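This one's a predicted model, so the numbers in the text were calculated from it and none came from an experiment. Order of appearance sets the numbers: ligands from 1, and atoms from 1 within every ligand.
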Amino acid sequence: MTAPQTRILTGDTPTGNLHIGHWVGSVQRRVELQDKHECFFLIANLHAFTTRADDPAAIRSDCIEIARDSMAMGVDPAKAAIFLQTEVPAILELTYLFAMLLPYNRVMRNPTLKDELKVKDLKDNYSFGFPLYTVGQCADILTFRAHAVPVGEDQVPHLELTREVARRFNKMYCGVPDKAPDEEHESLGGVFPIPVADVGKVGRLIGTDGVNKMSKSLGNAIHITDTPKKVKKKIGRIYTGQDSRDPNDPGEVDPAKNPLFQYLETFVTDESVIDDVRTRYAAGDNIGDGEVKMLVADAINELLDPMRERREQWASDDDVMDVLLEGSRKANALCEETLTMAKDAAKLRFFPRTIELGG
Ligand code: ATP
Ligand code: MG
C-alpha cells in the first residue's frame, strides 16, 4: 500500500496505443493514486528508439496517442502531470551519471532486459542504447524523487536496479551510512528516496497469443482503440486448443493454459458468473470456449465503452499538446531542483540555469 503524501512516477513507451494490460497492471492504479498524491506520468519517447529508431514520425504520433489514451482511461491532467521524457533534460543528464554507478554486468543481468531481447527477437543486433534504457528508467524515477511506482510485474527488476543506484548515490555522495534502512535515506540527507513498486490488480496479463505478456509491440494486445467488433474478433481467435483443465487435478482450471480464464477473472465483474463457468468447466460440462469468449468480450467492451467516449473528447491534437506542455513544465520545475541537488552532491554543478518551454 502506498503511504500518504508520497510522490508517484510511472510511464509508458510510445510504441502503440494503450491496451487492457496497461489498465490492469498500472493505469487503474494511476487513476486511484492521482486523487491523493502528487503524480507524474512520463511518455518515454527516447526509450521508444530502442526498437523504432528508424521511424521517429511514428514515435512522435504515438506520444500524442498515449497521452490521449491515458486521459481516456481516466488520468486527469488537472490532477496529474503527463509529460514528455525528452522535454525534461535533467532525466537524460542523470542517466549518464547513473550509468557510471552501475556495473555493466549488473545491467546486463536484468531478467526483463534479457526477456525483451528474446521476445522482440533482437538477437545480437540490439543497440548500445537498449541496455542503457534500463539505466534511463532509473533516472526517469529518481529525477522525480518518487516514492512509489505503479507498474506491471515486468518492471519490478527495473525497480530493483533503481533502488540499488539510489542507495549507492546516497551513500557515495550524501553521507548516508552503509546500513541505513531504505525508508531513512531521505531523512539522513540522501538526495533520493528508495522507491517501491506498486504492482496493479493483475501484474502480468497474458496476450491473446496465450504465451507472452500482452504488449503493444507484440501484436497480441486488445487496445483501447479497438472497436467492439474487433475486440470480439480478437477474443474469438484466442487459441484454446489445449484442455484447460489440469490433468493432475481435474477439479482445477489451469489459467496458464488458457488466457480466457485470466480474462474472465479479470474483467467479468459478477463473481457468480465466474464461479458458474469454473464449476461447469471443472465438471467437464460441454460449456465450450465460445460461450466464455462471449462473456469475456462483452465484459471488456463494457470496460472500454466509457474510455472510448472520453477518448472522443480528446480528439484534438492541439488540446493534447497543451496538456503535454503544461505537464512538461511541471516536471522540469521539480527535476531541475533534483538535478541541482544531485550535481551539488557529486560536485558537478558550476553555474545556475533555468529551463523555459513553449513561447
Ligand atoms: P512494449 O511492447 O513497447 O514494451 P508494453 O505493452 O510492454 O510495450 P510499456 O510501455 O512497456 O508497455 O509498459 C507500460 C506499463 O504497463 C508498465 O508499467 C508495464 O509493466 C505495464 N504493462 C504493460 N503490459 C502489461 C501487461 N500485459 N500486464 C500488466 N502490466 C502491463
Ligand atoms: Mg514493455
Side-chain angles (χ1 to χ4, degrees), residues 8-33 39-53 55 58-59 62-63 65-67 69-70 73 75 82 84-85 110-122 126 129-131 133-134 136-138 140-141 146 148-162 195-226 234 238 255-256 259 262-263 265-267 300 303:
I8 309 296
L9 176 290
T10 191
D12 311 286
T13 327
T15 41
N17 286 97
L18 292 187
H19 53 67
I20 55 175
H22 292 115
W23 172 250
V24 294
S26 173
V27 183
Q28 188 173 21
R29 230 10 228 139
R30 298 178 205 181
V31 174
E32 287 163 11
L33 289 165
C39 286
F40 290 92
F41 301 139
L42 159 136
I43 299 178
N45 54 336
L46 198 56
H47 292 182
F49 279 68
T50 53
T51 51
R52 297 177 104 186
D55 201 354
I59 297 175
D62 277 338
C63 289
E65 287 295 295
I66 294 263
D69 291 350
S70 306
M73 285 187 168
V75 171
I82 308 174
L84 294 155
Q85 190 179 42
N110 181 327
T112 298
L113 178 68
K114 285 187 188 164
D115 195 47
E116 277 184 301
L117 291 173
K118 198 169 90 202
V119 297
K120 292 177 182 172
D121 202 22
L122 295 170
Y126 58 88
F130 202 101
Y133 106 78
T134 62
Q137 199 163 317
C138 300
D140 294 338
I141 298 165
V149 188
V151 279
E153 234 167 64
D154 62 308
Q155 299 299 308
V156 172
H158 292 339
L159 243 294
E160 208 35 65
L161 196 69
T162 309
V196 294
D198 181 340
V199 176
K201 177 171 123 181
V202 178
R204 185 183 185 276
L205 192 74
I206 307 173
T208 52
D209 56 1
V211 181
N212 295 303
K213 177 187 89 67
M214 184 175 285
S215 283
K216 289 189 235 88
S217 47
L218 294 183
N220 64 357
I222 294 179
H223 296 278
I224 182 175
T225 42
D226 289 343
K234 283 185 177 175
I238 291 175
Q262 195 193 25
Y263 295 176
E265 284 167 8
T266 306
F267 299 106
I300 292 174
L303 169 76

J.: Can you report which non-hydrogen protein atom sits closest to atom 8 (O) of ligand 1, along with the distance?
T.: K216 NZ, 3.0 Å
J.: Would you say G11 contacts ligand 1, with heavy atoms under 4.0 Å as the rule?
T.: yes
J.: For ligand 1 and T10, I'd like to know whether there is a polar contact (N/O to N/O, distance under 3.5 Å).
T.: no
J.: List the steps, then state whether side chain to side chain contact (heavy atoms under 4.5 Å, CB included) holds for H223 with K234.
T.: CA-CA 10 Å; H223 296 278; K234 283 185 177 175; 3.9 Å; yes
J.: Between ligand 1 and D154, can you find any atom pair, the residue atom being a heavy atom, that is separated by under 4.0 Å?
T.: yes
J.: Give me the residue, atom name and distance of the protein heavy atom closest to atom 2 (O) of ligand 1.
T.: S217 OG, 2.4 Å
J.: Heavy atoms only: which of M214, K120, Q155 lies closest to atom 17 (C) of ligand 1?
T.: Q155
J.: Tell me, which protein residue and heavy-atom name are nearest atom 12 (O) of ligand 1, and how many Å apart are they?
T.: H22 NE2, 2.9 Å
J.: Considering only the protein, which heavy-atom contact is closest to atom 28 (N) of ligand 1, and what is its distance?
T.: L205 N, 2.9 Å
J.: Contact between V202 and ligand 1, counting heavy atoms under 4.0 Å?
T.: yes
J.: For atom 5 (P) of ligand 1, state which one of R204, K213, Q137, H158 supplies the nearest heavy atom.
T.: K213
J.: Quick check: G152 and ligand 1, any N/O pair under 3.5 Å apart?
T.: yes
